[in-house]
Amino acid sequence: MALTQIETPSSDVARRISILGATGSIGKSTADLIRRNRDRFDVVALTANKSAAELAALAREFDAELAVVADPSAYDALREGLAGSGIEAAAGPDALSAAGGVSADLIVAGIVGAAGLDSTLSAVGQGTLVALANKESLVCAGDLVLAATERSGTRLLPLDSEHNAIFQVFETENAGDVEKLILTASGGPFRTWSRERMAAATPDEAIAHPNWDMGRKISVDSATMMNKGLELIEAAYLFPVGVDDIDVLVHPQSVVHSMVAYVDGSVLAQMGTPDMRVPIAHALAWPARMESPAARLDLAAIGSLEFEEPDHERFPSIALARSALSAGRGATVVLNAANEVAVESFLDGRIGFLEIAETVMRVLDKVDGHEIASLEDFRSLDRESRHVSENLVKSAS
Ligand code: NAD
Ligand code: MG
């Protein structure tokens, strides 16, 4: 669908906006932009997993209509935090999913993991414009999300910096003349580490990303480079390009956020300092632009830009994701579930760093996928994959 076919409010009418995962890294960056541009936005719904006090404070600050905690045990604390404010409080998975369906002009999908799928589906099903950070929604159920998006006539605005970059330079009218998408990757904190050193890496070392300040799960994903694997799958759903035409290029400075190569030899890139408020501002104001406080790019100060091929020996996750996407039959659901369990187990000190990718590989071997034609199909495969992953982790620890 052409971008211009979607009705968007003009920039002089306040945009009604919800933030799913408001207390996370993406959520906070979004809140920061709204705080600086209060006249442009009205906040509708805000959600969190269980940080009730933090969520209540945000809801009060932005005078939201609704605040939802996914974890029912946090409901009392949320109600207490909102007492006397007139802001509605709700809790539990159904309330979380419903928060995505509340009428708004734009929803920021900033929940981490497959836990964000239901609310993303509710949002696109409702026909709301979705600024998507929750890449796992596409990895788990890309076909369902795209079908619901198509049915309701809305669209996804990519927030992931690479996909937002591609979105900014992808000429929809010349889609047939795109030769390649080039996803850049920082290489993470272990880019130059030997396998021996990586084997002993601690959670603190893994979450210390050199360029980006992000939540724990995506930080570990960046350290294993599974993040780039998930992004490869995300790109294959977001853009009309086959998986074999999506390359990964390591670029340690995170200045060139990704590129599109065309048949005439032109390569278009989007650049900027590594600050998520740039792609978030792009989506919040789309199709217009708005100010962001991100540091401005000073190429003369940087001097030179570096690029290198990814090392697939030390970082097998990119190839695992590529083959899961090609295999189909829900293999990406298995990949995602195994990765979520393995990352959590690594953060809990139950497995070593290199065992994250090993666990994913072994679970992919053990679990036979099936087509994901419904949310129920996804749930059963996700459940089975998590169960197998947990057992593998238990036998390893
Ligand atoms: P985060 O851990 O900082 O925040 C996650 C948010 O989701 C929090 O508000 C948390 O309360 C909520 N949440 C966690 N588990 C939940 C559950 N089970 N049910 C409901 N809510 C739950 O994560 P983040 O770094 O902000 O990442 C969010 C998403 O954005 C991820 O999919 C990530 O891959 C993607 N992303 C993040 C960045 C970044 O810079 N942080 C960049 C690109 C993409
Ligand atoms: Mg990214």
Side-chain angles (χ1 to χ4, degrees), residues 18-32 45-55 58-59 67-74 78 90-100 108-120 122 130-140 157-167 183-188 207 209 211-222 225-235 238 248 251 254 256-258 270 274-280 283 294 336 339-340 343-344 347 382 386:
S18 292
I19 312 175
L20 312 175
T23 56
S25 161
I26 290 290
K28 285 182 185 152
S29 294
T30 307
D32 180 71
L46 297 175
T47 81
N49 190 19
K50 51 185 158 206
S51 323
E54 199 183 339
L55 182 67
L58 279 172
V68 179
V69 277
D71 185 341
S73 72
L78 180 64
D94 292 345
L96 178 71
S97 169
V108 174
I111 292 175
V112 58
L117 175 60
D118 283 16
S119 50
T120 301
S122 301
V130 172
L132 186 78
N134 178 232
K135 62 193 88 185
E136 295 91 347
S137 285
L138 289 179
V139 173
C140 290
L157 301 175
L159 275 198
D160 217 341
S161 56
E162 298 76 3
H163 307 73
N164 182 270
I166 292 170
F167 180 65
L183 286 177
T184 50
S186 70
I207 60 178
H209 197 279
N211 305 341
W212 301 95
D213 181 13
M214 311 181 285
R216 285 155 63 86
K217 194 255 176 185
I218 183 177
S219 296
V220 176
D221 284 345
S222 299
M225 292 195 76
M226 179 57 91
N227 185 47
K228 217 45 58 181
L230 301 178
E231 290 185 354
L232 186 93
I233 299 169
E234 181 185 13
L238 287 172
V248 172
H251 168 45
S254 303
V256 175
H257 295 306
S258 278
Q270 184 263 359
D275 184 328
M276 283 307 292
R277 291 175 300 183
V278 177
I280 297 173
N336 180 71
N339 184 55
E340 286 194 29
V343 168
E344 206 49 52
L347 287 171
D382 181 64
R386 281 172 201 266

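When a ligand or atom number is given, it counts from 1 through the structure's own listing order.
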Q. Quick one: nearest non-hydrogen protein atom to atom 11 (O) of ligand 1, plus distance?
A. N49 N, 2.8 Å
Q: Please name the pair of heavy atoms, one in L78 and one in A90, separated by the smallest distance, quoted to 0.1 Å.
A: CD2-O, 3.7 Å
**Q.** Subset of ligand 1 atoms that lie under 4.0 Å from at least one heavy atom of A22
**A.** 9 (O)
Q: Go through the steps to decide whether E136 and K217 satisfy the test salt bridge (Lys or Arg N to Asp or Glu O under 4.0 Å), and finish with yes or no.
A: CA-CA 11 Å; E136 295 91 347; K217 194 255 176 185; 2.9 Å; yes
Q: For L183 and H163, run side-chain contact (heavy atoms from CB on, under 4.5 Å): C-alpha distance rounded to whole Å, both residues' side-chain angles, the deciding distance at 0.1 Å, then the answer.
A: CA-CA 8 Å; L183 286 177; H163 307 73; 4.2 Å; yes
(Q) Could you walk me through whether S122 and S97 satisfy the side-chain hydrogen bond (donor to acceptor under 3.5 Å, both in side chains) test, starting with their C-alpha distance in whole Å, then the side-chain angles of each, then the deciding distance to 0.1 Å, before giving a yes or no? (A) CA-CA 6 Å; S122 301; S97 169; 3.0 Å; yes
Q.
Polar contacts were defined as any N/O atom of the residue lying under 3.5 Å from an N/O atom of the ligand; does this apply to S25 and ligand 1?
A. yes
(Q) Below 4.0 Å from ligand 1: does a non-hydrogen atom of G110 turn up there or not? (A) yes
Q: Quick one: do K50 and V69 satisfy side-chain contact (heavy atoms from CB on, under 4.5 Å)? Show the steps, please.
A: CA-CA 6 Å; K50 51 185 158 206; V69 277; 5.6 Å; no
Q | Under 4.0 Å to a heavy atom of A70 - the qualifying atoms of ligand 1, by number | A | 19 (N), 20 (C)
Q. Got the closest protein heavy atom to atom 32 (O) of ligand 1, with its distance?
A. E136 OE1, 2.7 Å
Q) Quick one: does K135 get a heavy atom under 4.0 Å from ligand 1? A) yes
Q. Side chain to side chain donor-acceptor pair (under 3.5 Å) with E162: which of K228, K135, H257?
A. K228
(Q) Restricting to non-hydrogen atoms, name the atom on A283 and the atom on L157 that form the minimum distance, rounded to 0.1 Å. (A) O-CD1, 3.6 Å
Q: Could you list the atoms of ligand 1 found under 4.0 angstrom from a heavy atom of N134?
A: 32 (O)
**Q.** Region of A115 engaging ligand 1 - heavy atom pairs below 4.0 Å
**A.** side chain
Q. Can you list the atoms of ligand 1 that are under 4.0 Å from a heavy atom of G24?
A. 1 (P), 3 (O), 4 (O), 8 (C), 9 (O), 26 (O)
Q: Restricting to N/O/S, name the atom of E231 that gets closest to the Mg ion (ligand 2).
A: OE2
(Q) Just so I know, are the side chains of Q270 and S258 near enough to count as touching, which here means a heavy-atom distance under 4.5 Å? (A) no
Q) Considering only N, O or S atoms, which atom of D160 is nearest to the Mg ion (ligand 2)? A) OD1
Q) Who's the nearest protein heavy-atom neighbour of atom 42 (C) of ligand 1, and how far? A) M276 CE, 3.6 Å
Q) Considering only heavy atoms from C-beta outward, does the side chain of V112 approach that of I218 to under 4.5 Å? A) no
Q.
Could you tell me, atom by atom, which parts of ligand 1 come under 4.0 Å of a heavy atom of L96?
A. 20 (C)
Q | Option with minimal heavy-atom separation from atom 21 (N) of ligand 1, where the choices are D118, V112, I111, L230 | A | I111
Q | Distance-minimising heavy-atom pair for V68 and L55 | A | O-CD2, 3.4 Å
Q. Judging by distance only, is a nitrogen or oxygen of K50 under 3.5 angstrom from one on ligand 1?
A. no
Q.
Using every non-hydrogen atom in the two residues, find where A91 and P72 come nearest and quote the distance to one decimal.
A. CB-CA, 4.0 Å
Q. Short N/O distance, under 3.5 Å, between G113 and ligand 1?
A. no
Q. In the protein, what heavy atom is nearest to atom 36 (N) of ligand 1, and what distance, to one decimal place, separates them?
A. I218 CD1, 3.6 Å
Q: Before signing off on this row, confirm whether I26 and ligand 1 have an N or O atom pair separated by under 3.5 Å.
A: yes
Q) For ligand 1, which atoms, with element, lie under 4.0 Å from some heavy atom of G21? A) 6 (C), 7 (O), 9 (O)
Q. Less than 4.5 Å apart, any side-chain heavy atom of S25 and any of W212?
A. no
Q: For residues N164 and P158, report the shortest heavy-atom separation together with the two atoms involved.
A: ND2-O, 3.0 Å
Q. Considering only heavy atoms from C-beta outward, does the side chain of N134 approach that of L20 to under 4.5 Å?
A. no
Q) Does the side chain of L96 come within less than 4.5 Å of D118's, by heavy atoms? A) no
Q.
Please classify the S51 to ligand 1 contact at 4.0 Å (heavy-atom distances, strictly less than): side chain, backbone, both or neither.
A. neither
Q | Shortest non-hydrogen separation from S222 to H209 and the atoms involved | A | CB-CD2, 3.5 Å
(Q) Counting non-hydrogen protein atoms only, what is the nearest one to atom 35 (C) of ligand 1? Give residue, atom name and distance. (A) A133 O, 3.1 Å
Q. Mind checking whether T23 has an N or O less than 3.5 Å away from an N or O of ligand 1?
A. yes
Q: Report yes if G215 has an N/O atom closer than 3.5 Å to an N/O atom of ligand 1; otherwise report no.
A: yes
Q. What residue and heavy atom of the protein are closest to atom 43 (C) of ligand 1, and at what distance?
A. D160 OD1, 3.0 Å
Q: Identify, by name, the N, O or S atom of E162 lying closest to the Mg ion (ligand 2).
A: OE1
Q. Does G27 come within less than 4.0 angstrom of ligand 1, counting non-hydrogen atoms of the residue?
A. no
